[in-house]
Amino acid sequence: MHEYMSTARVWGLSCPGFPEEVSRARRWTRDILRGSPLAEDAELIASELSANAILHTASGREYGSFHLAVAVSAQVVAVSVTDDGGTATAPKAEHQNQDAEHGRGLGMVSAIAHRVVVHDSDQGHTVTAELYTDTRLGGHPC
């Protein structure tokens with residue numbers, strides 16, 4: 001990542017809906033953000049959102065896929081995952097018991113990110129987590 005960027009740069013990666021693609025998405029995000037203080041958080045977010053797409057939507061079915069996008073500007077790093085849909089409800093953060101094996105991913109993303117937005121469409125859902133380079137822009141993470 002370049003220290004002095006005047007415009008946002010966006011990278012995209014489409015992955016088949018196989019569980020092993022989560023580690024690919026994680027590595028890809030880490031490589032893009034190498035040297036950024038936000039790299040570890042973005043990598044964790046990419047991993048959680050990718051896993052959620054595979055586990056909870058049609059992305060994990062035969063011929064399913066998900067799309068990962070990383071947008072970087074001087075002010076924000078945004079990690080987005082778009083799934084194949086196939087669920088009646090949109091993704092939402094649930095307050096699970098800390099010892100629960102499932103259901104904590106989006107809640108964890110919400111705790112790390114400064115802002116999480118879910119967009120629904122006829123084709124699926126896109127979850128975008130934003131990390132601000134300057135916490136004065138959005139305060140502290142929720």
Side-chain angles (χ1 to χ4, degrees), residues 1-135 137-138 140-142:
M1 184 168 94
H2 301 293
E3 185 176 346
Y4 301 104
M5 284 189 278
S6 60
T7 60
R9 296 192 63 193
V10 180
W11 292 263
L13 177 69
S14 292
C15 299
F18 304 132
E20 57 270 20
E21 292 297 312
V22 173
S23 62
R24 178 179 171 212
R26 189 179 181 103
R27 282 189 314 272
W28 181 80
T29 302
R30 180 179 54 234
D31 289 346
I32 289 170
L33 296 171
R34 189 173 313 275
S36 168
L38 300 175
E40 286 184 22
D41 287 344
E43 181 182 348
L44 178 61
I45 289 168
S47 179
E48 288 297 328
L49 295 182
S50 299
N52 284 351
I54 292 169
L55 289 171
H56 302 295
T57 74
S59 293
R61 296 184 191 147
E62 189 174 9
Y63 304 112
S65 64
F66 64 94
H67 183 78
L68 173 64
V70 175
V72 179
S73 74
Q75 297 82 24
V76 66
V77 170
V79 178
S80 300
V81 171
T82 302
D83 63 42
D84 283 347
T87 60
T89 60
K92 64 178 184 277
E94 295 180 8
H95 300 287
Q96 292 286 343
N97 180 321
Q98 201 166 6
D99 297 327
E101 290 186 32
H102 300 288
R104 297 183 331 211
L106 198 50
M108 185 180 352
V109 169
S110 295
I112 294 169
H114 292 97
R115 182 177 148 186
V116 177
V117 179
V118 178
H119 293 282
D120 299 320
S121 74
D122 292 338
Q123 291 78 35
H125 310 97
T126 300
V127 180
T128 301
E130 297 176 351
L131 299 165
Y132 301 138
T133 59
D134 184 348
T135 56
L137 294 172
H140 297 287
C142 300

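As a basis for the values below, the full set of heavy atoms in this structure was taken, side chains included, without hydrogen atoms, waters or symmetry mates.
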Is [X] reaching over with its side chain to a backbone N or O of [Y], donor-acceptor style, under 3.5 angstrom?
| X | Y | answer |
| --- | --- | --- |
| Thr126 | Thr82 | no |
| Ser50 | Ser47 | no |
| Asp83 | His125 | yes |

- Can you name the salt bridge (Lys or Arg N to Asp or Glu O under 4.0 Å) partners of Arg30, sequence neighbours left out? Glu43
- Qualifying residues under salt bridge (Lys or Arg N to Asp or Glu O under 4.0 Å), relative to Arg24, sequence neighbours excluded: Glu21
What pair of heavy atoms forms the shortest contact from [X] to [Y], and how long is it?
| X | Y | answer |
| --- | --- | --- |
| Ala42 | Leu33 | CB-CD1, 3.3 Å |
| Gly85 | Thr57 | O-CB, 3.3 Å |
| Ala113 | Ala129 | CB-CB, 3.9 Å |
| Thr128 | Ala78 | CG2-CB, 4.1 Å |
| Gly86 | Arg61 | O-NH2, 3.6 Å |
| Ile54 | Gly17 | CG2-O, 3.7 Å |

Can you find a pair of side-chain heavy atoms, one from [X] and one from [Y], that are under 4.5 Å apart?
| X | Y | answer |
| --- | --- | --- |
| Val77 | Asp41 | no |
| Arg26 | Leu44 | yes |
| Val70 | Trp28 | yes |

Quick one: [atom1] on [X] to [atom2] on [Y], what's the gap to the nearest 0.5 Å?
| X | Y | atom1 | atom2 | answer |
| --- | --- | --- | --- | --- |
| Leu68 | Ile32 | CG | CD1 | 7.5 Å |
| Asn52 | Leu106 | CG | CG | 6.5 Å |
| Phe18 | Ser59 | CZ | OG | 12.0 Å |
| Glu48 | Ile112 | CD | CD1 | 7.5 Å |
| Gln123 | Asp84 | CD | CG | 10.0 Å |

- Query: Taking only residues two or more places apart in sequence, or in another chain, which ones meet Ala51 in a side-chain contact (heavy atoms from CB on, under 4.5 Å)?
  - Reply: Val22
- Identified side-chain contact (heavy atoms from CB on, under 4.5 Å) partner of Leu131 from the options Val76, Val72, Ile45: Ile45
